[in-house]
Each structure stands twice: as C-alpha cells, then as structure tokens.
Protein chains: 2
Amino acid sequence: MESDDVPSGLRERKKRETRIALSWAAIRLTVERGFDNVRVEDIAAEAGVSPRTFNNYFAGKGEAIAARQVERARAIAEELRARPADEPLWEAITNAALARFALGQDSHREPADQQWVEGVRLMVSEPALQGEFLKAAAAVEAEFAAVVAERTGTDPELDLYPKLVAAAVGGAMAVAVEHWLRTEPPGAVTDLLRDAFAQLSQGLPTPRRTT
Amino acid sequence: MESDDVPSGLRERKKRETRIALSWAAIRLTVERGFDNVRVEDIAAEAGVSPRTFNNYFAGKGEAIAARQVERARAIAEELRARPADEPLWEAITNAALARFALGQDSHREPADQQWVEGVRLMVSEPALQGEFLKAAAAVEAEFAAVVAERTGTDPELDLYPKLVAAAVGGAMAVAVEHWLRTEPPGAVTDLLRDAFAQLSQGLPTPRRTT
DNA sequence: CCCGATTATTGCGCACTCCGCAAAAATTCG
DNA sequence: CGAATTTTTGCGGAGTGCGCAATAATCGGG
C-alpha cells in the first residue's frame, strides 16, 4: 500500500542493483556495438541474470537504456523541490538542472572516452531510442509539473502553466544536450543549459545577430 | 536525386493513397479495439494490401499511427513559412498552428463520436504510442527549426535558438492537446493553443492566481 | 500500341522480442 | 527453524520486422 518509501531490506537493494546493472549493461553494449547488434540475451548475461529476468525489469531494450535518463530527470525534480521557496522560479530551475548536470559531468572525465562519445552520438541518433528517450522525458515531466505547480500555486489539472513549464524545460534540456553532443570540441553543457533557460524565461525573443 | 517534388504520376498517387489508407486504418482500429488488439494483419486487410506490404511503408504499428501527426506538423511548418516575413515570430507561429488545427477541427464534428473521443484518449495514453508520437514530433521539429532559423536569420547549427523555439512550440502543442483531451466538455483547442503560445512568448511568468 | 526497364507488391522464412504461466530458488519474519 | 512472500528462471507461443527472390504493375520510348 505504501507508495515510495525505501524498506532498505536486502531484497530491495538487490533489486535496485540488478536494475541498475541491466540498464548500465544495455547502455554500454549499445554504445559499443550499436543498438541492433545487442540482444537481450547479451544484456542479461552482462548483468548476470537470465534473459527472462530482463523482461521482469524492463519492457524492452530501449526502456532499459532510457531508465538512467529517467533517474536523472527525477533527481532534477527533487532538486527543484528542495530549493528555497522564495527563489524565483527560473532561477531555481536553472540551479536545479545545473547542479545535477554538473554532477555527472566531471565524474568520469577521461581522455580515452573519445570513442565512447562517438558511440553515444550513434546511440541517441537511433530512431527506436529517440522515441524511448522522449517517452521517458514525458513520464518525468508530469512529476516535474507537479513540483512547479507546488511552487507557483497553480493546479496541473486546470492550468496549462505547470505542464507548459515542464515541457519547455524538458525540451530545452534535450536541445542543449543535443547541441552539446554535436559540438566537436565539447564545451560545458552547463553553459548551454544556462543559456537555454535564460532564453526561455525571456520569452524566446528573436536574438539580435551576434555574428 | 530530386528531394521532394511531386511527380504526380499514377504510381506516386497510389503509393500516397496506400500510405494514408494504412495509417488511417491503423488509427481507426486502434481507437476501436485498443492498440494491443490490433494486428498488422488486420491493418493490412483493412487497407487492401498484404501484411508484408505494410512493413514496406511503416516500421511498425506505432509509426503508422503517428504518420498523420507528422503530416499535420509538417503542414504547420509550411504554413509558417508561407506567413509574411514581417509578421512577428510568435504571432506567425500562433496563426500558423491555429490555421491548421482549426482545419481539422470542424471537419467531422458529429455528436456520435463521443465514443471515438474516448478511444482516442485510450490511444494517446498507450505507452508504446506516446513514444511514437514524441518521436514523430521530434522528427518534424528539425524542419520547424529550419523555418524559424530562416525567419530570424539564425543558424540551426550554431545557435540554440531555432531548436529551442521548435521544442517549445512542439511541447506547447502537446500540452494543449493533452489538456484538451482531458477536459470533459471539450472546448476549443484553438483557445488553449493561443493561451499556451502567449505564455511562452512572455517567458512563462508565474501566473497570478486567476481563481 | 507494345515492349523492355523500372518499381511496387507479395509470400516465405527466420531471428528476435515480449509476455503468461508455473516450478524452483531466495528472502523475510514470526 | 519453517512457513509465507517474493523473485528468478525456463518453457512455450503469439507477434513483429525485415531480407530475399519471384511476381505484378507502371512507366517511357519507339
């Protein structure tokens, strides 16, 4: 009956670990070999469970891969919730997103992952996965909208506002990341995110020619 | 080698017709029976082609269903391109979207489709399809971004701006339609769209309590 | 109008996916 | 420890997506 508490028994920990192991294995193999060259069987083997068990956790390869994005998005929503209530909305959103992105940024910065970045590019351009990523984003957007509604005193059922903000934020993050992946000397995602949110909060005015 | 001209031979017309017939059949059957109770075989039969041919046109059921959304989104992009260049961007976007949505709105307004609306609700809440819809939206967003870039003199490769606008617009439309489908006495989508775009163009300021 | 060239449709086969079901293994709790 | 709960696993089957090659339809020049 409980909704989201953490019993933290041994059982729950193992489940969590298996889930993460499966998701991670799916990502790693896909980045290395390409989505179509990875079978569920391989992923399960990598995580040390039976193929059937994979489907107890995820409905398909795509979902397993997108699971980690979901986690991050959730974390951003929680980060936002934890922000001081008197902080202006867009400032809070920007800070929340930046905090989480910066987190995963410098954690594994090795020069050797040049090849890995290339694999990621291929992965995100896989049509089957794009849908999955977007679906994942949409799933979390509802949650995000709820937090925004809390902060602004609006009602997700009646007002467009919270979901509009959630959709815009989700889109902005996607655009920023996409742009970042496409840029050859990879700069800082955080700068792109800051820029994107700033433009959003200003009503996306036609920028004056910066060239 | 030609990119998108219309040879208008008999062959191309038939192909287009088959494509539309398949897409339409997929939607109709899904709305009536639910996504999982429709087999590719059924869709093909409805359109008068072999099951194998279905896969020559679409990679799966979901893609067939989303195909019509793609078409509409494309139409909006073209509508935007056709707008006078001196019209302010957000006005042009709003008008373009409104024109296309109003088009499909009153075309088949019968009291008998109460049941149909219910089916559509079920359809859009199907997880497998949400991903597909979003993927379709993303596909067109690039096109939309290109038009925005044209209008504003920005470069999709360098500036975040055009894609940011495209993402925001796509998200806003999705939110508006979702809200509209959830509202019991179905009002006018166009009003919701107008509202959504207005909020976007004003930077999504925290609304003052309207209750 | 007809015939060769091009293109679409179709049937067949196969690898893979996803899920229901029930047995086996693991974990929890009294 | 031992029974109850939960998870893992193997099996089986319905569906899917696509390559391949044969067949049918369309096109375009003579």
Side-chain angles (χ1 to χ4, degrees), chain A residues 1-23 25-26 29-30 33-67 126-132 135, chain B residues 1-23 25-26 29-30 33-67 126-132 135:
Chain A
M1 214 58 73
E2 22 266 322
S3 52
D4 55 358
D5 53 348
V6 188
S8 80
L10 179 141
R11 206 165 215 156
E12 270 68 22
R13 178 168 54 245
K14 283 191 82 172
K15 272 184 70 173
R16 190 168 210 78
E17 279 169 6
T18 301
R19 191 182 172 83
I20 293 177
L22 282 171
S23 175
L29 291 174
T30 299
R33 308 184 196 166
F35 187 68
D36 298 323
N37 301 325
V38 179
R39 282 181 292 275
V40 170
E41 190 184 346
D42 305 325
I43 302 171
E46 180 105 351
V49 294
S50 82
R52 182 63 183 82
T53 295
F54 174 86
N55 283 83
N56 286 347
Y57 284 87
F58 300 106
K61 287 188 289 177
E63 195 176 302
I65 293 175
E126 189 77 28
L129 286 179
Q130 287 184 1
E132 214 69 41
K135 183 172 70 169
Chain B
M1 219 54 75
E2 22 265 323
S3 51
D4 56 357
D5 53 348
V6 188
S8 81
L10 180 135
R11 205 166 216 158
E12 271 65 23
R13 177 167 58 245
K14 284 191 81 172
K15 272 184 69 172
R16 196 175 273 301
E17 281 168 4
T18 301
R19 190 182 172 82
I20 293 176
L22 282 171
S23 175
L29 290 174
T30 298
R33 307 183 197 169
F35 187 67
D36 298 323
N37 302 323
V38 179
R39 280 181 294 275
V40 170
E41 190 185 348
D42 305 325
I43 301 171
E46 180 104 351
V49 295
S50 82
R52 182 62 184 85
T53 296
F54 173 87
N55 284 82
N56 286 347
Y57 284 87
F58 301 105
K61 287 190 289 176
E63 194 176 304
I65 293 175
E126 189 78 28
L129 287 179
Q130 288 185 0
E132 214 68 42
K135 182 172 69 170

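Chain letters run A, B, ... following the sequence lines, proteins first and then strands; every chain starts at 1.
- Using a 4.0 Å heavy-atom cutoff across all strands shown, A:Tyr57 reaches sugar-phosphate atoms only and no base atom.
- One can place NZ of B:Lys61 at 13 Å from P of C:dC18, the figure rounded to the nearest angstrom.
- The nearest heavy atom of DNA chain D to B:Phe58 and to B:Lys14 marks one nucleotide each, and the one closer to the 5' end goes with B:Phe58.
- A salt bridge does not link A:Glu12 with A:Lys15: none of the charged nitrogens is closer than 4.0 Å to a carboxylate oxygen.
- Atom CG of B:Asn55 is separated from atom C1' of D:dG15 by 11 Å (rounded to the nearest Å).
- Rounded to whole Å, the distance from NZ on B:Lys15 to P on C:dA8 is 4 Å.
- Closest of all the heavy-atom pairs between A:Asp42 and A:Asn37 is OD2-O, 4.2 Å.
- At whole-Å resolution of the value, CZ in A:Phe35 and C1' in D:dG17 are 13 Å apart.
- Atoms CZ (A:Arg52) and C1' (D:dT8) sit 10 Å apart, rounded to a whole Å.
- Distance from the side chain of B:Arg11 is smallest for C:dA8 among the nucleotides D:dT9, C:dA8, C:dT9.
- Comparing A:Thr18 and B:Phe54 along DNA chain D, the residue whose closest nucleotide (by nearest heavy atom) sits nearer the 5' end is A:Thr18.
- Taking side-chain N and O atoms only, B:Ser50 has no distance below 4.0 Å to OP1 or OP2 of C:dT9.
- The separation between B:Arg39 atom CZ and D:dG13 atom P is 17 Å, rounded to whole Å.
- Rounded to whole angstrom, the span from the CZ atom of A:Arg13 across to the P atom of C:dA26 amounts to 17 Å.
- Heavy-atom neighbours of B:Arg33 CZ from other residues, nucleotides or ligands within 6.0 Å: above the threshold of 12.
- Of the possible polar contacts, none joining the A:Ser23 side chain to the A:Arg19 backbone as a donor-acceptor pair under 3.5 Å is found.
- Separating the CG atom of B:Asp36 from the P atom of C:dT17 is a distance of 19 Å, rounded to the nearest angstrom.
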